[in-house]
Each structure stands twice: as structure tokens, then as C-alpha cells.
Trainee: 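Structure in C-alpha cells, see below.
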2 protein chains.
Amino acid sequence: MVTLAEVAQHAGVSASTVSYVLSGKRSISTTTRQRVEESIRKLGYHPNAGARALASSRSNIIALMIPLRTDMYVPVMMEIAIAVAAGARTHGYDILLLTGEEGPDAVRRVTGSGLADAMILMDVELDDERLPLLRDTHQPSVLIGLPADTEGLTCVDLDFRATGALCVEHLAQLGHRDIAVIGEAAAVYERHTGFAERTLDGLRTRARELGLRLLHRPCEGGYDAMSATLARVFDERPDTTGFVVQNESAVEPLLALLRQQGRAVPEDVSVVAVCPEQVATQASVRLTSVAVPAQEMGRRAVEQLVAKLDGRGSDEVVLLAPELTVRASSGPAPVRP
Amino acid sequence: MVTLAEVAQHAGVSASTVSYVLSGKRSISTTTRQRVEESIRKLGYHPNAGARALASSRSNIIALMIPLRTDMYVPVMMEIAIAVAAGARTHGYDILLLTGEEGPDAVRRVTGSGLADAMILMDVELDDERLPLLRDTHQPSVLIGLPADTEGLTCVDLDFRATGALCVEHLAQLGHRDIAVIGEAAAVYERHTGFAERTLDGLRTRARELGLRLLHRPCEGGYDAMSATLARVFDERPDTTGFVVQNESAVEPLLALLRQQGRAVPEDVSVVAVCPEQVATQASVRLTSVAVPAQEMGRRAVEQLVAKLDGRGSDEVVLLAPELTVRASSGPAPVRP
DNA sequence: CTGAAAGCGCTAACAA
DNA sequence: TTGTTAGCGCTTTCAG
């Protein structure tokens with residue numbers, strides 16, 4: 001293994017000079033810099049991560065905590081995680097992957113050992129058990145998702161309340177008066193997951209303001225669950241012409257069942273989805289949708305965190321504005337006889 | 001920050017004693033052990049990861065490399081990654097997440113810096129550019145997936161050849177004589193992706209042995225592509241009664257189109273899928289399928305790697321036996337008039 | 001602009 | 001069964 005000392009010797013300079021060439025923390029004459037860089041290349045030197053961490057009390061590692069809930073839509077999580085990893089690298093950080101298994105202990109372990117300099121938490125619940133720990137520790141952190149109380153925390157999320165409002169507005173403009181919301185599995189609401197409740201709040205508030213009737217039904221994924229849910233919806237509200245879906249695994253079943261019942265989309269019924277772009281464009285009907293900007297969320301989370309690590313940085317809630325893309329699944333409400 | 005020295009002082013023992021209590025590398029009298037453990041708890045001591053890594057040249061971190069190919073099915077990747085992370089923790093390791101961005105350089109960086117003790121590579125291509133590097137380095141590693149040349153490498157994968165054979169056997173037992181295989185997109189075969197070719201090989205070999213007729217057609221995802229493919233299949237082999245699908249995004253279109261053509265599943269036509277459990281159970285017909293055992297693959301990969309790190313361990317190709325689950329999409333071949 | 005040297009906190013011989 | 005001690009490789013004052 002090549003050490004910094006060996007590089008120094010090879011280049012005929014002191015160890016500290018090599019160190020400073022690497023960190024750029026003080027000015028170096030062009031000639032020595034070149035000699036050092038050449039030695040580094042020639043010897044194939046790689047600074048030792050452990051030694052660096054020990055001497056500088058900085059690991060250059062960001063912990064990313066992904067609680068594994070089976071009822072969450074995985075691809076979005078993955079997309080965010082990948083964006084976080086890529087973003088972190090551009091700032092010189094690596095990502096340590098923590099799954100939910102350990103729960104809050106993982107926070108203690110990582111902060112206590114100096115394994116990571118900071119952490120990003122995904123899939124935050126409204127009253128998340130990891131939050132008290134975060135507030136206590138001095139560990140810089142960013143949440144992806146919004147808890148109930150954001151005091152003293154930095155959060156990045158899609159503005160789901162605005163998302164809900166946007167969906168309702170779109171349908172209202174098209175003349176729909178009775179709207180059904182096909183939501184996430186009931187467990188998601190029972191857990192008081194932030195995004196689900198906030199979307200619902202946005203939907204309800206705007207519907208009330210616009211004088212629309214809104215029916216919300218949680219729904220598991222798959223055909224059977226969707227079939228039952230759909231039956232109930234039309235049973236309770238036969239005049240329903242607008243649907244808002246926020247559940248990736250219910251999208252295709254919904255479309256298939258509507259088709260099967262002879263309800264044409266968008267002629268008889270309009271559908272607006274809150275889902276990843278890919279799901280919206282690859283569905284059997286191209287869906288009017290509000291996309292979850294996974295990449296953007298990952299990128300922004302890293303930026304916030306790096307800002308904190310660099311001393312500029314503030315506790316701030318970053319809500320990304322939703323964008324609704326009109327595709328083939330929404331159209332004017334049918335004229336009622 | 002609490003250090004080992006402080007714990008030692010508090011407990012009235014030497015630093016090495018505390019170290020040995022922690023590592024268990026030499027026997028300690030029960031009384032001192034208890035005193036030390038108490039001090040650790042009281043002071044809230046956490047060993048410093050950097051110092052440990054430096055002194056022991058062991059980071060207790062495993063790098064997990066996930067190249068992000070857009071045509072791979074993401075949920076399975078994620079499931080494996082999570083299983084890897086969980087498995088690693090049970091052996092005292094953390095996971096460093098590397099995405100494809102950096103390419104082979106990431107391998108160099110991680111091995112060179114001692115950031116990780118070993119690595120797991122996912123989504124391996126038949127002729128992967130990272131393999132030469134791995135063979136050179138002394139870094140222990142395990143591949144998830146099978147490259148063309150496994151010489152000197154440890155690999156974990158589903159036995160796709162056996163998977164193909166299993167699907168054919170199931171349909172043969174039910175009396176089907178004409179089988180159509182709906183495969184991945186043509187590009188996947190052109191790239192000579194290992195799993196696709198191996199599955200096909202298994203299908204063909206067993207079909208020949210059992211005297212069945214087998215027709216293989218690659219197929220893009222989506223309804224249009226599936227519609228064209230299906231038309232060709234029944235055109236060339238009107239007596240086809242058994243289908244094997246290995247393409248998540250073709251599953252639902254296939255079922256929908258068969259239904260549309262008035263071919264009942266499983267009364268007229270049987271379908272066997274090679275896909276994740278979730279896709280099989282949430283499809284419009286619950287699918288008889290061979291699942292990709294993501295959890296098991298992650299777990300096994302970690303086990304192989306830890307074995308190597310502990311000095312017991314061998315270069316070995318671990319092929320997991322496929323399991324076929326019978327559900328509602330397969331049944332006896334219709335009696336021909 | 002460069003060097004010398006004191007640690008960072010822990011592990012693992014070597015001694016007892 | 002326990003203690004002493006010499007590093008591990010790097011960063012960062014303090015001097016020049």
C-alpha cells in the first residue's frame with residue numbers, strides 16, 4: 001500500500017506538502033504541485049479513508065436511511081436513492097445505506113461512531129421515532145418527506161397539498177363535479193404517512209372551495225382490491241366522472257376495470273394520477289398526472305445537507321411545486337342527460 | 001466525544017483491556033468485563049470507526065455496486081440491495097452504495113482507499129468491464145449474476161437454465177404440446193444478457209427432451225408489441241396452448257389480449273411467468289410462476305463474501321434452485337376435437 | 001511558499 | 001488474566 005509519506009519522499013517534499021496539494025488548503029508553487037501530482041500518479045497513491053477520517057474527524061460519508069416498508073412504491077425510493085448517491089459523489093461524499101431493520105439505533109450507531117458525517121432520512125412518518133434523536137444530536141440531517149413538526153429540521157418534499165389541489169382544479173375545470181380518490185393502502189394512512197394525508201388534505205380543501213363532491217377510498221394494489229373498491233365507489237356515488245389515483249399498483253387495475261365496465265377514458269370518465277412519469281406514460285392509457293420528482297428530491301436533499309456541512313445552511317422546508325402534465329386520460333365531463 | 005481511554009480510566013483498567021472486551025479476542029475475567037461494560041454504558045461510548053479502520057486495516061464496510069440500466073427491472077434490484085444491507089448488518093458490516101455513474105473507477109477508488117473491505121456487484125454483464133479489475137485486485141468480491149467467464153470469481157444467481165426447464169415440465173405435465181415463449185425485448189438477447197439466454201437454453205433443451213414444440217419470440221413491453229407478437233404466434237402455431245413469459249411489462253398485455261380474443265386462462269390457454277412474486281400475484285389472473293428469489297440472492301451473496309473475508313471461502317458459483325408456484329393461470333391442456 | 005512534529009483513537013504485538 | 005507501548009496514515013498547528 002502506498003502512503004502519503006512515500007509520495008512525499010518520491011517527490012522530494014514533506015508529507016504536509018503532499019497533504020496540502022491534495023486538499024488545496026494552502027497555496028503551492030506550480031512546480032512542486034506538478035512534481036507531487038506526478039509522484040501520486042506514478043505510485044498509484046490513494047489516500048487512506050480511515051486515517052483521513054481519524055485525523056480530520058470527517059468521514060466524507062453521508063448515511064442514507066431507507067426504512068423498508070413493503071407497501072411503499074419501491075421504484076421511486078430507488079430513484080431517489082440513486083439521485084442521492086450521484087449527487088453526493090459530485091460533492092465528494094459516499095453513501096452508506098441503512099435499512100429500516102435497526103430503527104432508531106442506526107442513528108445512534110452512525111452518529112456515535114463518526115461513521116458518517118451526516119444523514120438523509122427517507123420515508124419519514126408524521127411522528128417519526130427517529131426525530132427526537134436527530135434533534136438531540138448535532139448530526140446534520142435532511143429529511144425527504146415531511147413530519148408533523150418540522151421545528152429545527154430541514155426537509156425536502158413534493159408539495160403534496162398543492163398536488164392534491166392541482167388535481168382537483170384540473171378536473172373541476174373540465175366540468176367534473178363528482179370526484180373519487182383512489183388512495184394508498186389503508187395501512188399507509190393508519191401509519192399517518194405525511195404525503196398521503198397531505199395530498200388528501202389538498203384534495204379535500206380545494207374540492208370544498210370549488211364546491212365539488214369528493215369521495216376518498218384507500219385501496220390495496222391489484223385487481224381484486226381495486227374491483228371491490230370501484231364497485232363501492234359507483235355504488236355510493238353513481239355520478240362519479242373524475243378519478244384521482246395515488247397508488248401506483250392500482251393504476252393499471254383501475255384502467256382495466258373501467259374499460260371492462262364499458263366506461264371509456266376519457267370520454268365517460270377522467271383519470272388523474274399522482275405517480276412517477278414512467279407509470280403515467282406506460283399505462284394502457286397515457287395518464288394525465290402529477291409526477292413525483294424523485295431525481296430533483298434526491299439532488300436537493302444532498303444540496304441542503306452539503307450546505308449544512310459547509311456551515312452555510314439553514315433549517316428550511318423545501319417544498320417542490322407540483323406540475324400537472326395533461327395526457328390522454330382526462331377530458332371534459334360527459335354531458336348528463 | 002467519549003474515547004476508549006476515558007472508558008479505561010473510568011473502569012480502572014488499561015486501554016487494551018477495554019479493546020479486548022469489545023473485540024472478544026482474548027479472555028477477560030467476568031468482573032473486569034462487567035466493570036468495563038458498565039463504564040461503556042454510563043459514558044455512552046461508541047468506538048470511533050475511523051480510528052478502528054486505521055489501526056486494524058478493516059473498515060467493516062462492504063461496497064455494493066448497482067449500475068443503473070434503464071431496461072432492468074428496478075424493484076428486484078432494490079429488493080436484493082435491501083437484503084444485502086440487512087444480511088451485512090447481521091455480520092457486523094455496513095453497506096456503501098455505489099451507483100454505475102463512476103464505472104470501473106469506483107472499484108479502484110474503494111479498494112485503493114480501504115473504504116470498503118470487499119464488494120458485491122449487481123447486474124453483471126456477460127463480459128463486464130469491471131471483472132479484470134476485480135481479478136487483479138486482492139479485494140474479495142461476489143457477483144450477483146453470471147458473467148461468461150466465472151474463472152476465479154464467486155457468483156450468486158438464480159439457475160435460469162433450470163428455471164426454463166421447470167416451466168416446460170409443468171406445462172408438459174398438464175398435457176400441453178405446443179408452447180410459445182414470450183421473451184425479453186430483442187435488445188436484451190442481442191446484448192447476450194446471461195439470464196435471458198440461459199433461460200431460453202433451459203426451455204429449448206427440456207422441450208426437445210420431452211418432445212414438445214417450442215416457439216420463442218422476443219417482445220418489447222406494452223400492448224402494441226404484444227398484440228403483434230401474439231398474432232404471429234397463433235399464425236405460425238395455431239395449436240399453441242401453453243405460454244411462458246419472461247418480461248414483466250409483457251405480462252399484463254398478454255393476459256388482456258388473450259381475454260380479448262376470447263381465449264380463457266387457464267381453460268383454453270395456460271400461462272407460466274418468470275417474474276417477481278408481486279407481479280405474479282397482482283396480475284389480473286394470479287399467475288403460475290417461478291419467482292426471482294431476490295432476498296435469498298442478497299443473503300447468499302453476503303454469506304459468500306463474509307466467508308471470504310473470514311478466510312474460509314472459495315470461488316464458487318452458487319446457483320439457486322428455482323421454485324415454481326402453481327396459481328390460477330395454468331391448467332390441463334384443452335382436449336382437442 | 002514549505003517543513004517539522006504533535007496527535008487523532010484504536011489495535012495488537014510484546015511483556016508480565 | 002492484564003498492562004505497556006508502538007504504530008496505523010493522515011491533518012494541521014506552529015515555525016520558518
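Side chains are part of it too, since the values below use all heavy atoms of this structure and drop only hydrogens, waters and symmetry mates.
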Trainee: Can you give one letter per nucleotide of nucleotides 11-16 of chain C, 5' to 3': B if a protein heavy atom sits under 4.0 Å from the base, S if only from the sugar-phosphate, - if neither?
Mentor: SBBB--
Trainee: If you assign B:G12 and B:L54 each to the DNA chain D nucleotide with the nearest heavy atom, which residue ends up on the more 5' nucleotide?
Mentor: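 Whichever sits nearer the 5' end wins; that is B:G12.
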Trainee: Describe, as an angle rounded to 10 degrees, how the axis at the first end of the helix from C:dC1-D:dG16 to C:dA16-D:dT1 is tilted relative to the axis at the last end, five pairs per end.
Mentor: 30°
Trainee: A:M65 and side chain to side chain contact (heavy atoms under 4.5 Å, CB included): which single residue from A:I144, A:T99, A:L121 fits?
Mentor: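 Result: among A:I144, A:T99, A:L121, A:L121 is the only option passing the side chain to side chain contact (heavy atoms under 4.5 Å, CB included) with A:M65.
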Trainee: Side chain of A:T32: nearest nucleotide among C:dT2, D:dG9, D:dG3?
Mentor: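 Among the listed nucleotides, the one closest to the side chain of A:T32 is C:dT2.
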Trainee: Just distance, no hydrogens or angles: give the donor-acceptor pairs under 3.5 Å from side chains in residues 294-304 of chain A, sequence neighbours left out.
Mentor:
unit_1	atom_1	unit_2	atom_2	d
A:E296	OE1	A:R299	NH2	3.0
A:E296	OE2	A:R300	NH1	3.3
A:R299	NH1	A:E303	OE2	2.7

Trainee: Can you list, by residue number, the residues of residues 105-116 of chain A that have a non-hydrogen atom closer than 4.0 angstrom to DNA chain D?
Mentor: none
Trainee: Set out, in order, the CA-CA distance, both residues' side-chain angles and the distance that settles salt bridge (Lys or Arg N to Asp or Glu O under 4.0 Å) for A:R109 and B:D94, then state yes or no.
Mentor: CA-CA 11 Å; A:R109 192 167 59 81; B:D94 271 296; 2.6 Å; yes
Trainee: Distance check: side-chain N/O of A:T17 vs OP1/OP2 of C:dG3, anything under 4.0 Å?
Mentor: yes
Trainee: May I have the distance from B:E6 (atom CD) to C:dC8 (atom P), rounded to whole angstrom?
Mentor: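 Computing the B:E6:CD to C:dC8:P distance gives 11 Å.
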Trainee: Give the rounded distance in Å between these two atoms: CG of B:D117 and P of D:dC8.
Mentor: 19 Å
Trainee: Under the side chain to side chain donor-acceptor pair (under 3.5 Å) definition, can you give me all pairs with a residue in residues 7-19 of chain B, not counting sequence neighbours?
Mentor: B:S14-B:S16, B:S14-B:T17
Trainee: Would you mind reading off the distance between A:Q34 atom CD and C:dC1 atom P, rounded to a whole angstrom?
Mentor: 14 Å
Trainee: Here's a test for you: under side chain to side chain contact (heavy atoms under 4.5 Å, CB included), which of B:I120, B:D123, B:D128, B:L153 qualifies with B:L143?
Mentor: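 Exactly one pass, corresponding to B:L153.
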Trainee: Please tell me if A:T3 has a side-chain N or O lying less than 4.0 Å from either OP1 or OP2 of D:dC8.
Mentor: no
Trainee: Would you mind telling me which of D:dT2, C:dC10, D:dG3 lies closest to the side-chain atoms of B:I28?
Mentor: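 Of the options given, the side chain of B:I28 lies nearest D:dT2.
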Trainee: What integer distance in Å separates A:N60:CG from D:dT11:P?
Mentor: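 From A:N60 CG to D:dT11 P: 10 Å.
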Trainee: In this structure, how many angstroms lie between the P atom of C:dG7 and the CG atom of B:N48, rounded?
Mentor: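 In whole Å, C:dG7 P lies 18 Å from B:N48 CG.
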Trainee: Tell me which donor-acceptor pairs under 3.5 Å the side chains of residues 36-45 of chain B have, and how far apart each pair is, sequence neighbours excluded?
Mentor:
unit_1	atom_1	unit_2	atom_2	d
B:E38	OE2	B:K42	NZ	3.2
B:S39	OG	B:R35	O	3.1

Trainee: Examine D:dT4: is either OP1 or OP2 under 4.0 Å from a nitrogen or oxygen in the side chain of B:S14? Give yes or no.
Mentor: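 So the side chain of B:S14 is outside the cut-off, no N or O lying under 4.0 Å from OP1 or OP2 of D:dT4.
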Trainee: Would you say that A:V292 contacts A:E79 through its side chain, given a criterion of any heavy-atom pair below 4.5 Å between the two side chains?
Mentor: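 They are not in contact (no side-chain heavy atoms under 4.5 Å apart), so the answer is no.
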Trainee: Within the 4.5 Å heavy-atom criterion, are A:V318 and A:T154 side-chain neighbours or not?
Mentor: no
Trainee: Assess whether side-chain contact (heavy atoms from CB on, under 4.5 Å) is satisfied between A:V107 and A:M119, documenting all intermediate values.
Mentor: CA-CA 8 Å; A:V107 176; A:M119 60 195 317; 4.0 Å; yes
Trainee: For B:D315, I'd like to know if atom CG has over 12 heavy atoms of other residues, nucleotides or ligands within 6.0 Å.
Mentor: yes
Trainee: Any salt bridge between B:R135 and B:D149, counting N to O under 4.0 Å?
Mentor: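 Answer for the salt bridge query: yes.
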